[in-house]
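Just so it is clear, the values below take in all heavy atoms, side chains as well, and ignore hydrogens, waters and symmetry mates.
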Amino acid sequence: VHVRVQGHGEPLLLLNGLTRPLESWDPFVRALGERTIVSFDAPGVGQSPSPLLPLSIAQLAELAAAVLDEVGLDRVDVLGFSHGGAVAQQLAFQYPSRVRRLVLVATSCGAGATLSGWDSLDALGVAPKFNRSQAKSAIWRTMAISTWSSIPFLGAIAATTLVVCGINDRVAPIANSRALAGRIPSASLTVLPDGHDLQQPEPAAALAH
């Protein structure tokens with residue numbers, strides 16, 4: 001798995017969208033200020049090779065914990081965007097001692113979520129060009145979230161949580177963020193005047209602040 005560690009300060013683990021490489025975090029990281037930022041390309045994305053078999057959301061959470069082990073961090077803040085938000089929820093439930101604070105951005109509970117239309121691959125967070133291996137990985141990761149749900153354990157997430165969504169999000173409509181904020185005990189909701197792709201420079205700057 002291709003991992004990048006940059007900066008200094010309190011550590012923050014970034015978990016990305018469906019087929020987004022870690023470089024897509026750059027506008028957010030530039031706006032964030034001094035933090036130790038840990039990001040990685042999920043299997044089959046960017047510079048990380050595809051796995052031999054599909055990985056479940058729980059296995060992706062295990063991978064995220066393994067990345068923290070590899071870089072020598074025990075406890076971090078975690079921010080998950082879109083598909084990465086599902087992994088972040090699972091990580092906070094599965095490894096509560098590893099997650100200090102949780103930020104869930106433009107995401108949902110998986111199965112049981114409120115769905116909407118997908119006008120474009122870009123709105124979904126899918127890279128416009130990817131090879132056959134990356135396409136297979138995207139299908140596998142879509143299957144993973146479609147058969148997973150955080151509803152049974154949202155009430156057990158102990159981390160202080162910020163849920164963020166764009167009011168015009170067509171992929172994960174605001175009802176999903178309201179549901180997450182309502183079910184996670186120590187959660188609050190922030191709504192930005194944007195759509196799903198909060199990694200673009202202007203909404204990324206708002207997210208960072």
Show me, pair by pair, the donor-acceptor contacts under 3.5 angstrom made by side chains of residues 174-185, not counting sequence neighbours?
from: Asn176; atom 1: OD1; to: Thr114; atom 2: N; distance (Å): 2.7
from: Asn176; atom 1: ND2; to: Thr114; atom 2: O; distance (Å): 2.9
from: Asn176; atom 1: ND2; to: Pro173; atom 2: O; distance (Å): 3.0

Can a donor-acceptor pair be found, under 3.5 Å and without considering hydrogens, that links the side chain of Ser48 to the backbone of His2?
yes
Got a sec, which pairs hit side-chain hydrogen bond (donor to acceptor under 3.5 Å, both in side chains) with one end in residues 66-77, sequence neighbours left out?
Arg35-Asp77, Asp69-Arg98, Asp77-Arg100, Asp77-Arg101
Are the side chains of Phe81 and Leu207 in contact, using a 4.5 Å heavy-atom criterion?
no
Side chain Gln89, main chain Ser108, donor-acceptor under 3.5 Å:
yes
Atom CG of Leu18 and atom CD1 of Ile145: how far apart are they, to the nearest 0.5 Å?
8.5 Å
Could you tell me whether the side chain of Gln90 and the main chain of Val87 form a donor-acceptor pair under 3.5 Å?
no
Beyond-backbone contact of Arg4 with Gln47, side-chain heavy atoms, under 4.5 angstrom
no
Any donor-acceptor pair under 3.5 Å from Thr36 side chain to Glu10 backbone
no
Examine Val103 and Ile37 and state if one hydrophobic cluster contains both, with Ile, Leu, Val, Met, Phe, Trp and Tyr joined whenever side-chain heavy atoms are less than 4.5 Å apart.
yes
CZ-CD distance between Phe28 and Gln200, expressed to the nearest 0.5 angstrom:
14.5 Å
Looking at residues at least two apart in the chain, or sitting in another chain, which of them share a salt bridge (charged side-chain N to carboxylate O under 4.0 Å, His left out) with Asp194?
none
If we check side-chain hydrogen bond (donor to acceptor under 3.5 Å, both in side chains) with Ser24, which of these qualifies: Asn16, Asp197, Thr19?
Asn16
If you round to the nearest 0.5 Å, how far is CD1 of Ile157 from CG of Leu104?
7.0 Å
